[in-house]
**Q** 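Shown below is the structure under consideration.
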Amino acid sequence: MDEVKQLVTDIKNRNLKPIYFLMGEESYYIDKISDFIEDSILTEEERGFNQMVLYGRDISVEDIISNAKRYPMMAEYQVVIVKEAQDLSRTIEKLASYAENPQTTTVLVINYKYKKIDKRKSLYKTLKKTGIVYESKTLYENQVADWIRRVLSPKGYTITPKAAQMLVEFLGTDLSKINNELEKLQIILSKNSQITPEVIEENIGISKDYNNFELRKAIGSKNTVKAYKIVNYFAENPKDNPMVVTVSLLFNFFSQLLHFHGLKDKSPRNVATALKINPYFVNEYTEAARNYPMRKVSAVVSTLRDFDVKSKGVGANAVSQGDLLKELLVRILN
């Protein structure tokens with residue numbers, strides 16, 4: 001995020017580079033940077049003659065170079081934006097010849113989503129000398145809740161740890177999807193509002209009581225009644241609660257418990273740092289560790305591996321996902 005802020009600051013200050021090569025698995029920041037360049041470098045009057053948007057599926061690298069070599073008309077710069085440039089992955093190295101001596105009055109923006117160019121080859125090495133190469137990496141799951149808070153804070157909103165975790169569990173690590181839902185909430189809520197689990201449930205449709213976050217908490221505290229209620233709800237709504245996701249999240253939880261048991265320093269701060277979790281959730285892990293000694297945790301991890309395979313249809317074709325999940329819960333709690 002700091003790298004993106006610096007890029008935006010440089011562009012605002014007209015400290016422009018002739019090429020911006022935006023690549024990586026996470027598309028959110030690629031779109032944000034590209035859109036900012038599209039909206040800010042040229043005035044509305046200048047854009048008609050000096051700004052064009054091309055699409056990788058419709059053009060060749062030679063077309064990009066030809067357009068980039070044009071001179072601006074009655075403006076200091078022309079802006080050429082290439083979207084979906086990953087469609088040119090087989091020939092993108094041909095851009096290296098232009099990158100060696102780019103047109104200084106052109107700002108060329110390449111959106112190369114979901115992929116990276118080979119850093120050992122000449123294009124990458126040349127771009128590092130003459131332009132900007134930004135790699136947008138996918139955030140780890142434990143980083144997304146903090147990202148949500150940082151996105152909301154400048155806009156005057158806060159979010160509870162549980163609400164942030166609900167969004168992550170429901171939407172995964174796709175920042176664009178999460179941002180879309182956050183923008184919807186900002187339309188509904190007044191400034192300085194807090195986004196709570198109740199707000200998430202009412203406006204996004206994620207149950208605040210019947211979700212993987214609450215199941216994990218119930219299992220960790222050995223709240224058998226609550227755990228069975230959640231699993232029964234999952235069994236009745238399998239499309240909204242796929243077992244493969246539940247098993248994956250539980251596997252991560254018990255793997256972290258193994259790590260917890262191995263820690264010499266079990267102070268809240270060290271646990272949060274070592275497990276890469278929000279300090280808000282440390283007590284949950286401490287309680288779970290009391291309920292599940294290391295030997296039991298190891299057995300649960302092994303069981304979860306078996307059920308991960310079964311949840312994908314291997315060796316359990318005749319058993320419903322709901323019944324498999326109930327069986328898994330029995331194995332964990334007993």
**Q** Donor-acceptor check, side chain of Y157 to backbone of L189, threshold 3.5 angstrom: yes or no?
**A** yes
**Q** Given side chains that start at C-beta, do those of S97 and I65 come closer than 4.5 Å, heavy atoms only?
**A** yes
**Q** So how far is it from L215 CG to L250 CG, rounded to the nearest 0.5 Å?
**A** 5.5 Å
**Q** If Ile, Leu, Val, Met, Phe, Trp and Tyr residues are connected whenever their side-chain heavy atoms lie under 4.5 Å apart, and connections chain through other members, are M294 and V300 in the same group?
**A** yes
**Q** Return yes if some donor-acceptor pair links the side-chain N/O of E287 with the main-chain N/O of N283 below 3.5 Å, else return no.
**A** no
**Q** Do the side chains of T303 and V301 get nearer than 4.5 Å, heavy atoms only?
**A** no
**Q** Is it the case that the side chains of Q78 and T106 hold a donor-acceptor pair, with the cut-off being a distance below 3.5 Å and no angle test?
**A** yes
**Q** How far apart are the C-alpha atoms of L328 and L304, what are their side-chain angles, what is the distance that settles it, and do they pass the side-chain contact (heavy atoms from CB on, under 4.5 Å) test?
**A** CA-CA 8 Å; L328 172 62; L304 285 164; 3.9 Å; yes
**Q** Return the minimal non-hydrogen interatomic distance between I30 and S136, and the atom names on each side.
**A** CG1-CB, 4.0 Å
**Q** Going by heavy atoms in the side chains, are L324 and M243 under 4.5 Å from each other?
**A** yes
**Q** Take a 6.0 Å sphere around NZ of K155 and say whether it holds more than 12 heavy atoms from other residues, nucleotides or ligands.
**A** yes
**Q** Heavy-atom distance under 4.5 Å between the side chains of F21 and K128, does that happen here?
**A** no
**Q** Give a yes or no on whether the ring-centroid distance for F260 and Y292 is below 6.0 angstrom.
**A** no
**Q** Can you check whether V244's main-chain N or O pairs, donor with acceptor, with S248's side chain at less than 3.5 Å?
**A** no
**Q** Should the heavy atoms of other residues, nucleotides or ligands under 6.0 Å from CD of E202 be counted, would the total exceed 12?
**A** no
**Q** Check whether Y98 reaches the backbone of Q103 with its side chain - one donor and one acceptor, N or O, closer than 3.5 Å.
**A** yes
**Q** Take atom NZ of K266 as the centre, draw a 6.0 Å sphere, and report whether it contains more than 12 heavy atoms from other residues, nucleotides or ligands.
**A** yes
**Q** Do V330 and K326 pass the side-chain contact (heavy atoms from CB on, under 4.5 Å) test, and can you show the C-alpha distance, the side-chain angles, and the key distance before you say yes or no?
**A** CA-CA 6 Å; V330 171; K326 292 173 185 178; 5.8 Å; no
**Q** So, does S153 use its side chain to make a donor-acceptor pair with the main chain of R150 at under 3.5 Å?
**A** no
**Q** Is a side-chain N or O of N67 found less than 3.5 angstrom from the main chain of D63, in a donor-acceptor match?
**A** yes
**Q** Give a yes or no answer on whether the side chain of N237 reaches the backbone of Y233 with a donor-acceptor pair at less than 3.5 Å.
**A** yes
**Q** Tell me, with the steps shown, if Q6 and D10 meet side chain to side chain donor-acceptor pair (under 3.5 Å).
**A** CA-CA 6 Å; Q6 186 59 55; D10 287 343; 3.0 Å; yes
**Q** Taking all atoms of both residues into account, what is the closest heavy-atom pair of V61 and I92, and its distance?
**A** CG2-CA, 4.0 Å
**Q** Judged by modelled atom types alone, do Q256 and Y285 share a side-chain donor-acceptor pair under 3.5 Å?
**A** yes
**Q** Check E38 against Q51 and note the closest heavy-atom contact, atom names and distance.
**A** O-NE2, 3.0 Å
**Q** Where is the tightest heavy-atom contact between S34 and N111, given as atom of each residue plus distance?
**A** OG-ND2, 3.0 Å
**Q** Are D306 and K310 within salt-bridge range, i.e. N to O under 4.0 Å?
**A** no
**Q** Rounded to the nearest 0.5 Å, how far does CG of L22 lie from OG of S27?
**A** 11.5 Å
**Q** Look at the side chain of N50 and the backbone N and O of P72, then say whether any donor-acceptor pair between them is shorter than 3.5 Å.
**A** no
**Q** Donor-acceptor check, side chain of N13 to backbone of T9, threshold 3.5 angstrom: yes or no?
**A** yes
**Q** Testing R216, K217, R290 for salt bridge (charged side-chain N to carboxylate O under 4.0 Å, His left out) with E284, which one passes?
**A** R216
**Q** Would you indicate whether the side-chain heavy atoms of V109 and V82 approach each other to under 4.5 Å?
**A** no
**Q** Are any of the side-chain heavy atoms of I178 and I148 separated by less than 4.5 Å?
**A** yes
**Q** Among the clusters formed by ILVMFWY side chains lying less than 4.5 Å apart, do V168 and L171 turn up in the same one?
**A** yes
**Q** Grouping I, L, V, M, F, W and Y whenever their side-chain heavy atoms are under 4.5 Å apart, do Y114 and L123 come out in a common cluster?
**A** no
**Q** Under the salt bridge (charged side-chain N to carboxylate O under 4.0 Å, His left out) rule, what pairs show up with a residue in residues 90-113, not counting sequence neighbours?
**A** D31-K113, E62-K94
**Q** Do Y210 and F234 have ring centroids that are under 6.0 Å from one another?
**A** no
**Q** Check whether any side-chain heavy atom of E44 lies under 4.5 Å from a side-chain heavy atom of E46, and answer yes or no.
**A** no
**Q** Verify the neighbour count for atom NZ of K229: are there more than 12 heavy atoms of other residues, nucleotides or ligands below 6.0 Å?
**A** no
**Q** Rounded at 0.5 Å granularity, tell me how far CG in L16 sits from CD1 in I11.
**A** 7.0 Å
**Q** Out of V271, N270, L275, which one pairs with V282 under the side-chain contact (heavy atoms from CB on, under 4.5 Å) rule?
**A** V271
**Q** Could you tell me which non-hydrogen atom of V4 sits nearest to which non-hydrogen atom of Y134, and how far apart they are?
**A** CG2-OH, 3.4 Å
**Q** Determine whether the side chains of S207 and D209 contain a donor N or O and an acceptor N or O closer than 3.5 Å.
**A** no
**Q** Tell me if the centroids of the rings in Y140 and W147 come within less than 6.0 Å of each other.
**A** no
**Q** Is I19 close to P102 at the side-chain level, that is, under 4.5 Å between some pair of heavy atoms?
**A** yes
**Q** Closest approach of L108 and A68, non-hydrogen atoms and distance?
**A** CD2-CB, 4.5 Å
**Q** Inspect the contact between E214 and K226 and indicate whether a charged nitrogen and a carboxylate oxygen are less than 4.0 angstrom apart.
**A** yes
**Q** For R295, I'd like to know if atom CZ has over 12 heavy atoms of other residues, nucleotides or ligands within 6.0 Å.
**A** no
**Q** Hey, is K116 close enough to E135 for a salt bridge, meaning N to O under 4.0 Å?
**A** yes
**Q** Short question: side chain of D174, backbone of K177 - any donor-acceptor pair under 3.5 Å?
**A** yes
